[in-house]
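Written out below as structure tokens is the structure these notes cover.
Since this is a predicted model, take the numbers as computed values, not measurements.
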Amino acid sequence: MDHTEYDVIIIGGGPAGLSAALNLGRSLARVLVVDADRPRNAATLASHGFLTRDGIPPHELRRLARAELAAYPNVEIRSRVRVVSLRRTDAGFTAEIGLREPAGTASAPAVLIATGLRETLPAVPDLRGFYGMSLFSCAACDAWELQGRTLALIGETTDLADRARLISRWTESLTVFTNGASVVSAQEEAELAAAGAVVQRHPIVELVGDRGQLEAVRLADGTSVAIEGGFVRPEWDASLTFLDGIEPARDAAGHLLTDRSGRTDVAGLYAAGDAAAPGPQQLIVAAGAGARVAAVIVHDGLGIATSH
């Protein structure tokens, strides 16, 4: 297997990882980005809230970023491969890189984890046929386009009532579908009712619509609720199985715990973006986190502490 040494290995090629690569590259660091090319927002047609890029397709944002990085010969991107294993060594870290089996190795004194999150959607028939087109997971990202419509919130997690309160900011007609899960208490249901939101507890048997546009939700009791769009609450997993004997601290949800500068409690190991607590964030927040941790990695490598 081939082996190459770098100053920093970045695991993940989303906004956090690519932003970090740009800033590290400009700091003359030799950088390797390992990107499996399976972004969580692949189903999304347009991304919002990114200054100067509001409404851009996520794949186009990544393409533009990679085009900019091509100007830096000290930044290398390996696509459609993943880190199979990451091990600590006396000099830092060694990553085995490949598909299912290692095809090569790379080493560096510093590693940035920017893998984002893997999501599991509620078990609802044909949900993916509407996901990213009229059903979304991020209210801050997509609620503007759905404002004033008759909306759904579908989920099976205990924070569903809180999410319903948030989405009610953009609509006066919200139905919360628990898909048969006991995740909304009677008190929460009463509070939501006072705010104009209805809770439907029966399992969902069908999502009705055409070409990605949701029109109704059919329930097991025969009820059909007219809907014009809405939100889904996925379950998220940081998916860090490649950490081989490395055990950085995590929160209860599995996100990596870092200090305000992106350092984990393992020397030389950093995290940015959705993989780091507090979890899912907007693209522009992830990009900012990547830029910030890039500066910290450079400063830590020199053993200096500066304000800029």
Side-chain angles (χ1 to χ4, degrees), residues 14 37-50 53-63 116-157 159-161 163-181 183-184 189 192-193 195-236 280 282-283:
D37 266 335
R38 300 185 67 180
R40 182 163 59 96
N41 60 7
T44 303
L45 299 179
S47 298
H48 297 283
F50 203 117
R53 292 292 183 268
D54 191 40
I56 191 172
H59 66 84
E60 177 65 7
L61 186 66
R62 287 161 59 89
R63 187 195 68 78
L117 297 173
R118 180 177 60 189
E119 64 184 15
T120 301
L121 297 175
V124 173
D126 199 32
L127 192 153
R128 286 204 174 272
F130 300 92
Y131 193 50
M133 289 172 280
S134 56
L135 284 176
F136 307 92
S137 61
C138 174
C141 305
D142 298 292
W144 169 269
E145 284 69 30
L146 299 178
Q147 61 181 301
R149 300 186 189 179
T150 301
L151 302 183
L153 170 61
I154 301 171
E156 301 170 355
T157 58
D159 63 350
L160 205 60
R163 288 182 173 269
R165 294 186 185 97
L166 175 62
I167 294 167
S168 292
R169 181 180 182 90
W170 288 274
T171 181
E172 295 180 352
S173 181
L174 175 65
T175 302
V176 180
F177 298 92
T178 69
N179 197 33
V183 292
V184 177
E189 182 173 0
L192 290 174
V198 176
V199 176
Q200 291 282 3
R201 299 180 179 273
H202 294 284
I204 297 170
V205 296
E206 184 182 11
L207 297 180
V208 181
D210 183 50
R211 297 183 181 181
Q213 178 55 55
L214 184 63
E215 297 173 1
V217 177
R218 286 187 57 242
L219 303 175
D221 68 343
T223 301
S224 181
V225 182
I227 293 293
E228 298 175 280
F231 294 89
V232 177
R233 187 352 181 148
E235 294 195 50
W236 291 292
Q282 291 179 270
L283 297 183

Q) Between Thr178 and Leu160, does a side-chain contact (heavy atoms from CB on, under 4.5 Å) hold up when you go through it step by step? A) CA-CA 8 Å; Thr178 69; Leu160 205 60; 4.1 Å; yes
Q) What do the steps show when you test Phe177 against Val199 for side-chain contact (heavy atoms from CB on, under 4.5 Å), and what is the final call? A) CA-CA 6 Å; Phe177 298 92; Val199 176; over 6 Å; no
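Annotation: side chain of Leu127 is in contact with side chain of Pro122 (closest heavy-atom distance under 4.5 Å). Put simply, the side chain of Gln200 does not reach to within 4.5 Å of the side chain of Val176, judged on heavy atoms. When side chains are defined from C-beta on, Phe231 does not count as touching Leu135, because their heavy atoms never get closer than 4.5 Å. Thr175 places none of its side-chain heavy atoms less than 4.5 Å from the side chain of Leu153. No side-chain heavy atom of Leu151 sits less than 4.5 Å from a side-chain heavy atom of Ile227.
Here OG1 of Thr150 is found 10.0 Å from CG of Leu174. Values are rounded to the nearest 0.5 Å. To the nearest 0.5 Å, atoms CD (Glu235) and CG (Leu121) are separated by 10.0 Å. Taking CZ of Phe130 as the start and CD1 of Ile154 as the end, the distance is 9.5 Å to the nearest 0.5 Å. Distance check, rounded to the nearest 0.5 Å: CD1 of Ile56 to CZ of Arg62 gives 12.0 Å.
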Expected list for residues 202-214: side-chain donor-acceptor pairs under 3.5 angstrom, two or more places apart:
{"unit_1": "His202", "atom_1": "NE2", "unit_2": "Asp221", "atom_2": "OD2", "d": "3.3"}
{"unit_1": "Glu206", "atom_1": "OE1", "unit_2": "Arg218", "atom_2": "NH1", "d": "2.6"}
{"unit_1": "Gln213", "atom_1": "NE2", "unit_2": "Glu228", "atom_2": "O", "d": "2.8"}

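With sequence neighbours left out, Glu60 forms a salt bridge (charged side-chain N to carboxylate O under 4.0 Å, His left out) with Arg63. Residues forming a side-chain hydrogen bond (donor to acceptor under 3.5 Å, both in side chains) with Asp126 (at least two apart in sequence, or on another chain): none. Take Gln282 and apply the side-chain hydrogen bond (donor to acceptor under 3.5 Å, both in side chains) test, not counting sequence neighbours, and it matches no residue. Glu119 meets the salt bridge (charged side-chain N to carboxylate O under 4.0 Å, His left out) test with Arg40; sequence neighbours excluded. Scored by the salt bridge (charged side-chain N to carboxylate O under 4.0 Å, His left out) test, Arg201 finds Glu189 as partners (sequence neighbours excluded). Every residue two or more places apart in sequence or in another chain was checked for a side-chain hydrogen bond (donor to acceptor under 3.5 Å, both in side chains) with Arg53, and none qualifies. Contacts of Arg163 classified as salt bridge (charged side-chain N to carboxylate O under 4.0 Å, His left out), with partners at least two apart in sequence or in another chain: Asp159. Under the side-chain contact (heavy atoms from CB on, under 4.5 Å) criterion, Ala226 pairs with no residue at all, not counting sequence neighbours. For Ala181, the side-chain contact (heavy atoms from CB on, under 4.5 Å) partners at least two apart in sequence or on another chain are Glu156, Val183.
Screening Leu283, Asp54, Leu61 against Ser47 for a side-chain contact (heavy atoms from CB on, under 4.5 Å) leaves a single residue, Leu283.
A donor-acceptor pair is defined here as one N or O able to donate and one able to accept, closer than 3.5 Å; no such pair exists between the side chain of Thr223 and the backbone of Leu219. A donor-acceptor pair under 3.5 Å links the side-chain atoms of Thr171 to the main chain of Arg149, judged by distance alone.
Applying the side chain to side chain donor-acceptor pair (under 3.5 Å) rule to pairs touching residues 136-148 yields Tyr131-Ser137, sequence neighbours excluded. Counting only residues at least two apart or on different chains, the disulfide (SG to SG under 2.5 Å) pairs with a member in residues 121-153 are Cys138-Cys141.
In plain terms, the two heavy atoms of Leu192 and Ala161 that are nearest each other are CD2-O, 4.0 Å.
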